[in-house]
Amino acid sequence: MALESVIIAGGGMAGFTCAKELRARGFEGRISIVDPEGIPYDRPPLSKGYLLGDQDATQIRLIAAEWFDENNIEIITSSVVDLDTETPSVTLADGTVREADKIVLATGGTARRLPIPGGQLPTVLELRTRADADHLRSVLTEGTRLAIVGAGLIGAEVASSALKFGAQVTLIDPVDPPLIPAVGETLANRLHQMHTENGIKLITGVPTEISVDNDGVHTLALADGSEVIADVVLVGIGIVADTVLATTAGLDTDNGILVDLSQRTSHPNLYAIGDTARTRLEDGTLLRRAEHWEHAMNTGATAAAALLGQELPTHGASWFWSDRHGVHVEGVGSMLGEGTQVIREQDGVPVAAFRIDGEGLLAGCAAIDGGMLVRAARRIIDKKKPVSAEQLADPAVDLKKLAR
Ligand SMILES: Cc1cc2nc3c(=O)[nH]c(=O)nc-3n(C[C@H](O)[C@H](O)[C@H](O)COP(=O)(O)OP(=O)(O)OC[C@H]3O[C@@H](n4cnc5c(N)ncnc54)[C@H](O)[C@@H]3O)c2cc1C
């Protein structure tokens, strides 16, 4: 039976891309996106330009609001509260039931809370939505003592942004330096040092309890017995994939909704994409669940192709970026695993890191202010082009030429 209607639960990058791709690939049937946040917007600016006030709510929309009418895509500002896999249908927050031929789950995740006493306090903040960013901006003023737990991507970005408000920032992470799996040890060290160079207090430690007094001042007790006093506490320790609907509906889940390479869940009527989905290969191997913007986009496009019975698009090695302290970081492939780590320096400063795997092929690359280099490295990875450690380490070697 030809596909006539699709409901997408969640209008983040994944859900939006799926709808856009369905239309781009010629689908003329009904598309509805259900999201309590309404018109889809982009999350990366929430810790960068939007938090700083350089971009407003309209500027971070994934596309102009009119585009949805022009493309006959219905935006339902509500939540999906229940799923029926057989009909199939979704129940919205007001009890309305909507049927469609296929349902795509693109519900992302919720910010992981600290599993310690005080970790659930409403004054312990998280950053996942535009409202979270609005609130955070409203409490960041000159001299605000901001404690951030988690110095990975979002924590580090907020720490850097908060300095522009004149906040006194303390960044706490159990690992020194964080991000080794993403960028390798050398660049992770350089990035972590930038925090201190910019006036942020770094603490390697584990919070064991958070309390707040009547004046709203927080005390974070750390495992080594020390304390951090803060007016504002933000926790940035990753997300928990939103699997509640899927689990209730009987879909296979395991730290994410399990999908095959076409983003299909364990039920043929349901697909899952973006942060909430986790790939299970045919032999049962579970891949690591990605929490990156481009992955959300790619999986949205794959699901659209699969829903229409079209050839699945191929995507290159996974890619992410981060911005902090005026530098732009990008990474591609995987820096984690066996093999050789190679560092490229410019004037004695490490600017790029590479991993050559056990078979002698480039498996991962990360760079600071080296977007072109990372793009070239991605082509080398995707094409499995042989490159030597000497070439990668030499700043005079143009990776673009090696990628041809
Ligand atoms: C502050 C911040 C900064 C980031 N910076 C970067 C970066 O620099 N680089 C990078 O690569 N990635 C970054 N990311 C990660 C990236 O934004 C995510 O990987 C991406 O947004 C995932 O898209 P998604 O569509 O899967 O999920 P989401 O963007 O989380 O969207 C899920 C949507 O589902 C909706 N929803 C949830 N439950 C329901 C329900 N029951 N019914 C209906 N709708 C529901 C939510 O309202 C939400 O709009 C950042 C994320 C954040 C929060």
Side-chain angles (χ1 to χ4, degrees), residues 7-20 32-52 60-62 75-83 90-94 98 103-112 125-134 136-137 148 150 152-161 182 234-246 248-249 256-257 259 263 272-278 289-301 303 318-324 328-332:
I7 291 178
I8 303 171
M13 177 47 94
F16 163 69
T17 306
C18 184
K20 183 169 73 101
S32 309
I33 298 178
V34 185
D35 195 310
E37 297 210 71
I39 301 291
Y41 66 87
D42 209 11
R43 284 176 206 277
L46 299 182
S47 49
K48 311 175 184 80
Y50 184 77
L51 180 62
L52 289 168
I60 66 166
R61 280 185 178 157
L62 286 169
I75 298 282
I76 304 173
T77 306
S78 182
S79 291
V80 170
V81 295
D82 202 8
L83 278 178
V90 298
T91 305
L92 306 182
D94 66 0
R98 293 289 207 109
I103 294 168
V104 180
L105 299 172
T107 48
T110 48
R112 191 181 292 280
L125 306 181
E126 59 190 40
L127 180 55
R128 193 73 207 151
T129 65
R130 207 169 47 207
D132 294 338
D134 290 339
L136 184 59
R137 193 192 309 119
I148 301 176
L153 297 172
I154 292 177
E157 290 183 355
V158 172
S160 163
S161 297
L234 176 82
V235 175
I237 55 169
I239 66 164
V240 179
D242 191 340
T243 55
V244 178
L245 283 171
T248 316
I257 305 171
V259 292
Q263 302 302 132
I273 54 179
D275 281 3
T276 196
R278 185 176 184 195
R289 189 173 52 75
E291 296 176 8
H292 294 311
W293 183 90
E294 195 195 49
H295 175 260
M297 191 166 71
N298 289 345
T299 52
S318 69
W319 170 83
F320 78 94
W321 86 99
S322 177
D323 298 295
R324 76 274 293 278
H328 178 70
V329 187
E330 289 190 29
V332 67

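In what follows, residues are counted from 1 in the order of the sequence shown. Atom set for the values below is all heavy atoms of this structure, side chains included, hydrogens, waters and symmetry mates excluded. Note that the coordinates shown come from a computational prediction; the quantities given were computed from them, not determined experimentally. Both counts, for ligands and for their atoms, begin at 1 and track the order of listing.
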Colleague: Would you kindly specify which portion of Ala296 sits under 4.0 Å from ligand 1, judged on non-hydrogen atoms: side chain, backbone, both or neither?
Modeller: side chain
Colleague: What are the atoms of ligand 1, with element, lying closer than 4.0 Å to any heavy atom of Glu157?
Modeller: 8 (O)
Colleague: Tell me: protein heavy atom nearest atom 27 (O) of ligand 1, and distance?
Modeller: Gly108 CA, 3.5 Å
Colleague: Among Tyr41, Tyr50, Trp321, which one has a heavy atom closest to atom 7 (C) of ligand 1?
Modeller: Trp321
Colleague: Of Leu136, Leu46, Asp134, which meets side-chain contact (heavy atoms from CB on, under 4.5 Å) against Leu51?
Modeller: Leu136
Colleague: Ignoring hydrogens and angles, tell me if any N or O in the side chain of Thr107 forms a donor-acceptor pair with the backbone of Gly10 under 3.5 Å.
Modeller: no
Colleague: In the structure I gave you, are the side-chain heavy atoms of Val332 and Glu294 within less than 4.5 Å of one another anywhere?
Modeller: no
Colleague: Got the closest protein heavy atom to atom 21 (O) of ligand 1, with its distance?
Modeller: Arg43 CD, 3.7 Å
Colleague: Please state which option from Asp132, Leu46, Ile154 has its nearest heavy atom closest to atom 2 (C) of ligand 1.
Modeller: Ile154
Colleague: Go through ligand 1 atom by atom and flag the ones less than 4.0 Å from a non-hydrogen atom of Ala106.
Modeller: 32 (C), 33 (C), 34 (O)
Colleague: Are Arg98 and Val34 packed together at the side-chain level, in the sense that at least one heavy-atom pair is separated by less than 4.5 angstrom?
Modeller: no
Colleague: Show which atoms of ligand 1 fall inside a sub-4.0 Å distance from at least one heavy-atom site of Leu127.
Modeller: 1 (C), 53 (C)
Colleague: Against heavy atoms of Pro36, which atoms of ligand 1 measure under 4.0 Å?
Modeller: 43 (C), 44 (N), 45 (C), 47 (O)
Colleague: Considering only heavy atoms of Asp242, which atoms of ligand 1 have at least one such atom less than 4.0 Å away?
Modeller: 38 (N)
Colleague: Give the single entry among Ile76, Asp35, Leu92, Leu51 that approaches atom 49 (O) of ligand 1 most closely by any heavy atom.
Modeller: Asp35
Colleague: Heavy-atom contact check, 4.0 Å cutoff: does Thr276 meet ligand 1?
Modeller: no
Colleague: If I apply the N/O under 3.5 Å rule, does Ser78 come out as touching ligand 1?
Modeller: no
Colleague: Glu37 near ligand 1, heavy-atom distance under 4.0 Å?
Modeller: yes
Colleague: Let's go through Ser318 and His292 carefully: what are the C-alpha distance in whole Å and the side-chain angles of both, what is the deciding distance for side-chain contact (heavy atoms from CB on, under 4.5 Å) to 0.1 Å, and is it a yes or a no?
Modeller: CA-CA 9 Å; Ser318 69; His292 294 311; 5.8 Å; no
Colleague: Quick check on contacts: which atoms of ligand 1 are under 4.0 angstrom from a heavy atom of Gly12?
Modeller: 25 (O), 29 (O), 31 (O), 33 (C)
Colleague: Which residue in the set Thr17, Ile39, Asp42 passes side-chain contact (heavy atoms from CB on, under 4.5 Å) when paired with Leu62?
Modeller: Asp42
Colleague: List every atom of ligand 1 that sits less than 4.0 Å from any heavy atom of Gly274, numbering the atoms from 1 in the order shown and giving each element.
Modeller: 26 (O)
Colleague: Should you measure from each heavy atom of Glu291, which atoms of ligand 1 turn up under 4.0 Å away?
Modeller: 15 (C), 19 (O)
Colleague: Classify the contact between Phe16 and ligand 1 as side chain, backbone, both or neither, using a heavy-atom distance cut-off of under 4.0 Å.
Modeller: neither
Colleague: Tell me which one of Ser47, Cys18, Pro40 gets a heavy atom nearest to atom 3 (C) of ligand 1.
Modeller: Ser47
Colleague: Given Ala14, Pro45, Gly331, Gly15, which has its nearest heavy atom closest to atom 24 (P) of ligand 1?
Modeller: Ala14
Colleague: Can you tell me which portion of Thr129 lies within the under-4.0 Å heavy-atom range of ligand 1? Options are side chain, backbone, both, or neither.
Modeller: neither
Colleague: Which bit of Asp275 gets closer than 4.0 Å to ligand 1, counting heavy atoms only: side chain, backbone, both or neither?
Modeller: both
Colleague: Applying side-chain contact (heavy atoms from CB on, under 4.5 Å), run through Thr129 and Arg43 and close with a yes or a no.
Modeller: CA-CA 7 Å; Thr129 65; Arg43 284 176 206 277; 4.1 Å; yes
Colleague: Would you mind checking if Asp275 and Arg128 are paired as a salt bridge, meaning a charged N to carboxylate O distance below 4.0 Å?
Modeller: yes
Colleague: Does any part of the side chain of Leu83, heavy atoms only, come nearer than 4.5 Å to the side chain of Leu105, both counted from C-beta?
Modeller: yes
Colleague: One residue to check: Lys48. Relative to ligand 1, which of side chain, backbone, both or neither has a non-hydrogen atom less than 4.0 Å away?
Modeller: side chain
Colleague: Could you tell me whether the side chain of Arg130 reaches within less than 4.5 Å of the side chain of Ile60, counting heavy atoms only?
Modeller: yes
